Amino acid sequence: MAAATAGGPGAATALWSEVNRCGQNGDFARALKSVNKILQINKDDVTALQCKVVCLIQNGSFKEALSVINTHTKVLSSDVIAFEKAYCEYRLNRIENALKTIQSASQQTDKLKELYGQVLYRLERYDDCLAAYRDLIRNSQDEYEEERKTNLSAVVAAQSTWERVTPENLGLREATYELCYNNACALIGQGKLNEAMKKLQKAEELCRQSLSEDSDVTEEDIEAELAIIHGQMAYIMQLQGRTEDALQLYNQIIKLKPTDVGLLAVIANNIITINKDQNVFDSKKKVKLTNAEGVEHKLSKKQLQAIEFNKALLAMYTNQAEQCRKLSASLQSQSPEHLLPVLIQAAQLCREKQHTKAIGLLQDFAEQHPANAAEIKLTMAQLKIAQGSVTKACMILRSIEELQHKPGMVSALVTMYSHEEDIDSAIEVFTQAIQWYQQFQAKSPVHLSLIREAANFKLKHGRKKEAISDLEELWKQNPKDVHTLAQLISAYSLVDPEKAKVLSKHLPSSDTMSLKVDVDALENSHGATYVRKKAGKLTGDNQQKEQGQGEVKKKKKKKKGKLPKNYDPKVTPDPERWLPMRERSYYRGRKKGKKKDQVGKGTQGSTTAGSSELDASRTASSPPTSPRPGSAAAVSAASNVIPPRHQKPAGAPATKKKQQQKKKKGGKGGW
């Protein structure tokens with residue numbers, strides 16, 4: 001700050017000396033006191049007023065500085081104080097006013113040009129901003145050249161990210177971590193995520209090297225400076241689908257409590273997008289970070305808009321219907337042509353089971369904004385399908401003229417009409433699409449593919465003549481297409497066999513179609529599922545049979561049926577053995593009401609008097625269990641005759657089921 005020559009008394013000279021000394025030492029608060037004393041002597045001193053404005057700016061009192069400028073407009077003309085005024089307006093986020101002040105200045109100094117570039121960047125006029133910085137770099141040489149290049153790279157990164165403009169190679173050497181970081185952001189805008197990640201890693205390394213050289217910088221300071229780089233790394237991870245890694249890194253940055261409210265707002269917003277409709281409590285806490293003071297001045301319009309969209313969605317997920325409607329209506333008033341606000345409103349109505357109202361809302365928007373009608377109509381069709389109105393959904397889809405001929409749309413419509421068994425409408429969709437391609441892209445592969453798909457569809461649904469017409473069209477366009485010819489012959493064989501025979505003459509001979517394949521090598525290959533067994537040596541009669549008759553099929557040997565254990569080949573089997581016992585002629589039924597000779601009665605371990613008589617093995621005159629040899633025709637009608645399947649082997653002792661003794665409950669002994 002240069003001291004002006006004072007024309008007043010000697011006190012003023014001493015005060016100016018004090019102002020000069022304080023300015024050189026950076027003590028602007030003390031300098032301001034001296035300037036105020038000078039103004040008490042002469043309130044219209046231009047130099048003193050200018051010094052006061054500078055002191056206030058250096059102390060961060062931008063409102064007070066601007067007030068001084070505005071109250072002394074007669075003394076402080078725009079030419080004298082243009083930069084200071086524009087700078088105060090810029091710092092107070094009055095960007096439009098700052099632009100007017102700069103443009104109204106009669107002389108464009110380097111300081112004003114620097115500020116002009118910053119103002120254009122904040123206004124998101126990136127093309128003008130790029131031109132301004134190029135002019136500055138070309139026409140100035142001082143110690144601030146590196147900062148100008150950094151700002152230039154930031155403009156290029158913003159163009160790539162927000163305007164999807166492919167950035168030109170400026171040939172800037174990545175000597176600083178700021179330049180490296182901005183180049184990484186430009187690569188993210190182009191979708192080159194892997195390259196961007198490498199640039200960010202390089203920027204992190206350069207940042208650590210740069211800051212570690214200063215002994216006063218702590219590790220916490222370094223981590224705070226790296227926060228914005230780590231934030232972009234986490235964003236790349238999120239775009240790549242590595243949401244767990246991204247979430248972990250985002251939370252690490254939040255724990256550092258960085259002072260940049262813009263960075264915190266972006267990170268909080270990204271965490272909310274990862275949470276979606278899950279972990280709503282965490283999302284509610286994070287949304288508070290997006291409402292911090294000054295966020296609106298740190299972020300671009302698209303970033304702020306994205307945050308507001310996510311707030312509306314969060315309100316919908318947390319069943320705050322009124323809040324959701326309020327936020328989406330506000331967004332729609334700010335951007336009437338934007339799709340998301342109306343889609344959020346429609347989604348909220350669907351959650352309230354008001355599907356008809358949601359479709360009406362979308363229909364009104366599509367009529368008011370024809371440019372965005374396609375996406376809206378797709379949503380309407382989806383809602384109709386959800387309601388089960390497939391035919392109405394098809395009508396909506398067919399009304400989207402710019403998508404009618406697209407293969408995906410044709411496929412969707414044909415599938416939906418087939419589901420509704422409306423084959424005529426499905427064929428009509430094919431016909432319209434084929435006609436469009438025939439008119440505009442006759443030689444397109446999509447055109448031929450659609451004709452083939454239409455033919456296959458018609459064959460499948462019995463429209464053979466129509467299918468033949470399509471296949472003939474295909475064959476005319478490419479007579480060498482054997483596949484199409486084969487399909488055509490197959491179709492004609494169902495309608496006109498004679499025509500199929502005539503067309504079959506156009507098929508290539510088997511010799512021309514044979515492939516030079518070593519069958520043995522193929523069968524014996526490692527991946528073959530079937531390997532032919534090596535034939536054994538043939539000798540004598542076998543060799544003659546092999547030569548005369550070819551391969552003889554081996555006869556399968558019949559397995560002998562299993563016989564009963566008590567089968568006696570000398571005894572004729574019971575002819576009624578296949579019938580149930582109750583249906584056999586000799587069945588007399590069970591004797592009811594009689595006890596089984598008191599078997600098992602009495603005390604444990606005792607035997608009854610007649611037990612020995614019940615033992616068949618001890619009875620000498622046991623009745624025969626099957627007819628004797630020579631009397632095969634005669635079958636005894638006695639009740640004690642047992643068929644062969646029910647016989648027991650001779651001499652086998654009778655078995656008794658063991659009775660399980662129930663264990664007494666309770667302790668040992670006692671009653």
Side-chain angles (χ1 to χ4, degrees), residues 153-169 172 174 176-208 222-256 258 260 262-280 282-283 285-287 289-290 295 298-314 317 339-340 343-344 375 408:
S153 65
V155 177
V156 172
Q159 281 184 316
S160 176
T161 304
W162 308 122
E163 297 181 351
R164 301 299 177 189
V165 175
T166 303
E168 57 181 298
N169 186 6
L172 299 176
E174 296 173 354
T176 63
Y177 69 90
E178 292 94 344
L179 273 169
C180 204
Y181 170 81
N182 288 337
N183 289 343
C185 293
L187 289 170
I188 292 172
Q190 298 174 67
K192 300 177 181 179
L193 302 181
N194 292 329
E195 292 181 43
M197 181 63 84
K198 291 177 182 178
K199 291 280 185 188
L200 289 172
Q201 289 168 352
K202 183 180 177 182
E204 181 182 8
E205 185 181 348
L206 289 171
C207 182
R208 287 188 182 277
I222 294 174
E223 289 299 324
E225 189 69 21
L226 288 171
I228 191 168
I229 297 174
H230 290 161
Q232 284 290 31
M233 285 181 172
Y235 177 60
I236 290 175
M237 292 174 188
Q238 186 177 351
L239 292 177
Q240 291 175 333
R242 297 160 55 192
T243 52
E244 291 298 325
D245 296 335
L247 197 59
Q248 185 179 359
L249 194 50
Y250 282 142
N251 286 320
Q252 285 177 7
I253 296 168
I254 289 177
K255 286 179 183 177
L256 293 173
D260 188 349
L263 174 62
L264 279 173
V266 169
I267 289 173
N269 176 73
N270 291 353
I271 291 174
I272 292 169
T273 61
I274 291 175
N275 289 339
K276 295 182 180 178
D277 57 345
Q278 305 296 319
N279 204 359
V280 178
D282 179 61
S283 295
K285 289 198 301 182
K286 295 296 186 293
V287 82
L289 295 173
T290 65
V295 167
K298 291 284 186 177
L299 304 179
S300 68
K301 291 178 183 177
K302 289 192 175 180
Q303 285 175 313
L304 292 170
Q305 194 177 56
I307 289 173
E308 292 302 312
F309 286 143
N310 288 327
K311 284 180 183 177
L313 287 171
L314 183 60
Y317 290 142
L339 292 171
L340 279 179
L343 290 175
I344 292 171
E375 295 182 36

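Along the sequence shown, residues carry numbers from 1. Computed from a predicted structure; not experimentally measured.
With K286 contributing its side chain and I271 its backbone, the two residues share no donor-acceptor pair below 3.5 Å. The backbone N or O of A157 lies less than 3.5 Å from no partner atom in the side chain of S160, so there is not a single donor-acceptor pair. Under a 3.5 Å cut-off, the side chain of N251 and the backbone N or O of L247 do form a donor-acceptor pair.
Two residues are said to be in side-chain contact when any heavy atoms from C-beta on lie closer than 4.5 Å; L340 and Q305 fail this criterion. With a 4.5 Å cut-off on side-chain heavy atoms, E223 and H230 count as touching. Annotation: side chain of N310 is in contact with side chain of L313 (closest heavy-atom distance under 4.5 Å). Taking 4.5 Å as the limit, every side-chain heavy atom of T176 sits out of range of all side-chain heavy atoms of L206. The shortest distance between side-chain heavy atoms of V295 and L304 falls below 4.5 Å. Here the side chains of V266 and Y235 are not in contact, with every heavy-atom distance at 4.5 Å or above.
The shortest non-hydrogen separation linking T290 to A268 is CG2-CB, 4.1 Å. Taking all atoms of both residues into account, the shortest heavy-atom contact from A227 to L263 is CB-CD2, 3.8 Å. Nearest heavy-atom pair across I344 and F309 is CD1-O, 4.0 Å. Contact detail for C180 and K199: the closest heavy-atom pair is SG-O, 3.3 Å. Here the shortest heavy-atom pairing between W162 and K302 reads O-NZ, 2.7 Å. Scanning both residues, L179 and S153, for their nearest heavy atoms gives CD2-OG, 3.5 Å.
Atom CG of residue L264 and atom CG of residue N269 lie 12.5 Å apart, to the nearest 0.5 angstrom. Taking CG of N194 as the reference point, atom CE of M197 lies at 8.0 Å (rounded to 0.5 Å). E375 CD to L339 CG: the interatomic distance, rounded to the nearest 0.5 Å, is 5.0 Å. Taken from CD1 in I236 to NZ in K198, the straight-line distance is 12.0 Å, to the nearest 0.5 Å. We find the CD1-CG distance between I188 and N183 to be 11.5 Å, quoted to the nearest 0.5 Å. With rounding to the nearest 0.5 Å, the separation of CD1 in I253 from CG in D260 is 11.0 Å.
More than 12 heavy atoms of other shown residues, nucleotides or ligands fall within 6.0 angstrom of atom CD in Q240.
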Take L299 and I307 through the side chain to side chain contact (heavy atoms under 4.5 Å, CB included) test and state the conclusion after the steps. CA-CA 10 Å; L299 304 179; I307 289 173; 3.7 Å; yes
Between I254 and I267, does the side chain to side chain contact (heavy atoms under 4.5 Å, CB included) criterion hold? Intermediate values first, please. CA-CA 8 Å; I254 289 177; I267 289 173; 3.9 Å; yes
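The pair K311-E308 counts as a salt bridge, with a side-chain nitrogen and a carboxylate oxygen less than 4.0 angstrom apart. In summary, E204 and R208 engage in a salt bridge, as defined by a charged side-chain N under 4.0 Å from a carboxylate O.
The side chain to side chain donor-acceptor pair (under 3.5 Å) with N275 is formed by just one residue from the set D282, T243, N270; it is D282.
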